[in-house]
Amino acid sequence: MSINTVRFSDFDLKPSIQEAIAQHGFETPTPVQEAVLGLPDVLSTDLVVQAKTGSGKTLAFSLPLINDLVAGGVPRILVLAPTRELAQQTAGEMEWLGRPLGMSVAVLVGGVPIGPQISQLRRGASLVVGTPGRVIDHLERGTLNAATIESLILDEGDHMLDLGFRDELESILKRMTAIKRTWLFSATIPDSVRYLVRRYLKDPRKLTLSVDETVNDDISHKAFVCPSRRRYEALVNVLLWERPERAIVFCATKVETADVALRLAQAGFGAHPIHGDMGQRERNHALEMFRSSTTGILVATDVAARGLDVTGVTHVIQLGLPSNIEAYVHRSGRTGRAGHSGISVTLLSPVEARRMKGLVRSFSVQINWFPVPDRGDLEKLEHLRLNEELDKLAALPDGKDYGELARAILERDDAVEVTAGLLARLAFEGPRGYSLKAELEAEQDRANRDRGRRPDPRSSNRRSEYRGDRSRNFAASGSRPRPRGAR
DNA sequence: AAAAAAT
């Protein structure tokens, strides 16, 4: 079994689907695709599928559904997603899969005119992908009939069952009278939604590819501790330190997202914001710009946390604590996709760092902790880079044209100054980074004092010391959420 | 706090 690699052609898929898959360069299914395709009578059961970020879940549910579908006048498949951008992306995938079979996709999301969507439906779309609000709008207008839907997919399903979506989901579900299967897909399915899964799905079969399938091994995790009020400066230092090719920076609020993007852009980093207060045109434009360039920074709220597949994202950088471990998993999962490696960086104040350690305690991911790189660290890094540059220059053939001049310079009394000047021209031109070390250490000392412990003049990287004796109890009580009434 | 329907 391990000798023969499973191929798409091993499954009973229609020739035109095989062709479409091959045309898109896919030969072997990912584990989740193999598991779903290989499940006996998959179409006659409800499903809960948990598979890691970037593992090809969209194709995993699309393939068996579209393979079974006959192109016809009414929609039979409805995919619900938590954000408009994700719905559009998923629709794009289903589009190329279904087109050879004569199926078209209606994308029912808010923020855009409803007219074209109604035309798409009238023309006989077989597949419908949308966000809850606009789908309900169509149901109420009578432009979409829930009674023809046979397959319901809850993409990022744990989030779709969240309180914020519950009412809308309920109102869609109760109109679906001909439903044959409900499939829930996500990288995370926290215990808090498991009872909801039992409520909305009928004896679902569970595909959990392994206990730790939520954690994508291709992502390495770092946490940098920084002064709480110098988060932006710390971000600049991290960008200079990590030199990401393409990065998504996550912020907690829309205002912070806009602010950070603006400041980064003014500092010369190619950065663009995306958040829910922007018009849909601007949101699509920002994402399109990011997708189509090979460099750049997208500064986002959690609107971009789930599902979005952008190739070549080398870094995910989170400013502050994620709201829960699921948010951390999904944000991090924007990198390290389809077998590529990625780096997930979290920037935390000393107090947040302590809460983060509580948050990830039962989580199998290995996070490496560091104090945020300081200006001095950045200078050392730049000197290393310059030295590498000099080695490269020495090996270049056109250097010999200047051999005589070089020797003459070395004879001069001010040879050091001249060389320094030349190096300055070679050096990285841009932000120099900020000095944050003193402020960070002062804040760490304060944080430690507040917790009734002696300050430690060394770095924040003392994880093992948090473990012994009764400090474990301290950390546990510190990470417990405050009672609601306390505000 | 964010997201999702316009209004």
* Distance check: side-chain N/O of A:Arg331 vs OP1/OP2 of B:dA2, anything under 4.0 Å? -> no
* Indicate yes or no: does A:Glu150 engage A:Arg181 in a salt bridge with an N to O separation below 4.0 Å. => no
* Asked: For B:dA5, does OP1 or OP2 lie under 4.0 Å from any side-chain N or O of A:Thr131?
  -> yes
* To do: Select base, sugar-phosphate, or nothing to describe what A:Gly110 touches, counting heavy atoms under 4.0 Å on all strands.
  => sugar-phosphate
Let me have the donor-acceptor pairs involving side chains of residues 91-99 of chain A, under 3.5 Å, with sequence neighbours excluded, atom names and distances please.
none

* Asked: Would you say B:dA5 has OP1 or OP2 under 4.0 Å from some side-chain N or O of A:Arg84?
  -> yes
* **Salt-bridge contact A:Arg199-A:Glu170 (side-chain N to carboxylate O under 4.0 Å)** => yes
* Starting at CG of A:Asp277 and ending at P of B:dA3, how long is that distance when rounded to a whole Å? -> 7 Å
* **Nucleotide B:dA1, atom C1' - distance to CG of A:Asp259 in whole Å** => 16 Å
* Of the candidate nucleotides B:dA3, B:dA1, B:dA5, which contains the atom at the shortest distance from the side chain of A:Asp137? -> B:dA5
* To do: Using the ring of A:Phe290 (Phe, Tyr or Trp, six-membered ring only), decide whether A:Arg246 places NZ or CZ under 6.0 Å from its centre and within 45 degrees of its axis.
  => yes
* Length of the line joining A:Leu163:CG and B:dA4:P, which is rounded to integer Å -> 17 Å
* With a 4.0 Å cut-off on heavy atoms, is A:Arg166 in touch with a base, just the backbone sugar-phosphate, or nothing at all? -> nothing
* Select one nucleotide: of B:dA4, B:dA3, B:dA2, the one nearest the side-chain heavy atoms of A:Thr253. => B:dA2
* To do: State which residues pass salt bridge (Lys or Arg N to Asp or Glu O under 4.0 Å) with A:Arg243; sequence neighbours excluded, sorted by chain then number.
  => A:Glu382
* Separation of A:Leu80 atom CG from B:dA4 atom C1', in whole Å? -> 11 Å
* To do: Measure from CD on A:Gln88 to C1' on B:dA4 and round the result to the nearest Å.
  => 14 Å
* Would you indicate what A:His159 reaches in the nucleic acid, counting non-hydrogen atoms under 4.0 angstrom: base, sugar-phosphate, or nothing? => nothing
* Asked: When the distance from CZ of A:Phe165 to P of B:dA2 is rounded to whole Å, what number comes out?
  -> 14 Å
* Whole angstrom is fine here: how far is it from CG in A:Leu169 over to P in B:dA4? => 16 Å
* Asked: Which one, B:dA5, B:dA4, B:dA2, comes nearest to the side chain of A:Glu140?
  -> B:dA5
* In whole angstrom, give the distance that lies between atom CD1 of A:Ile172 and atom P of B:dA5. => 9 Å
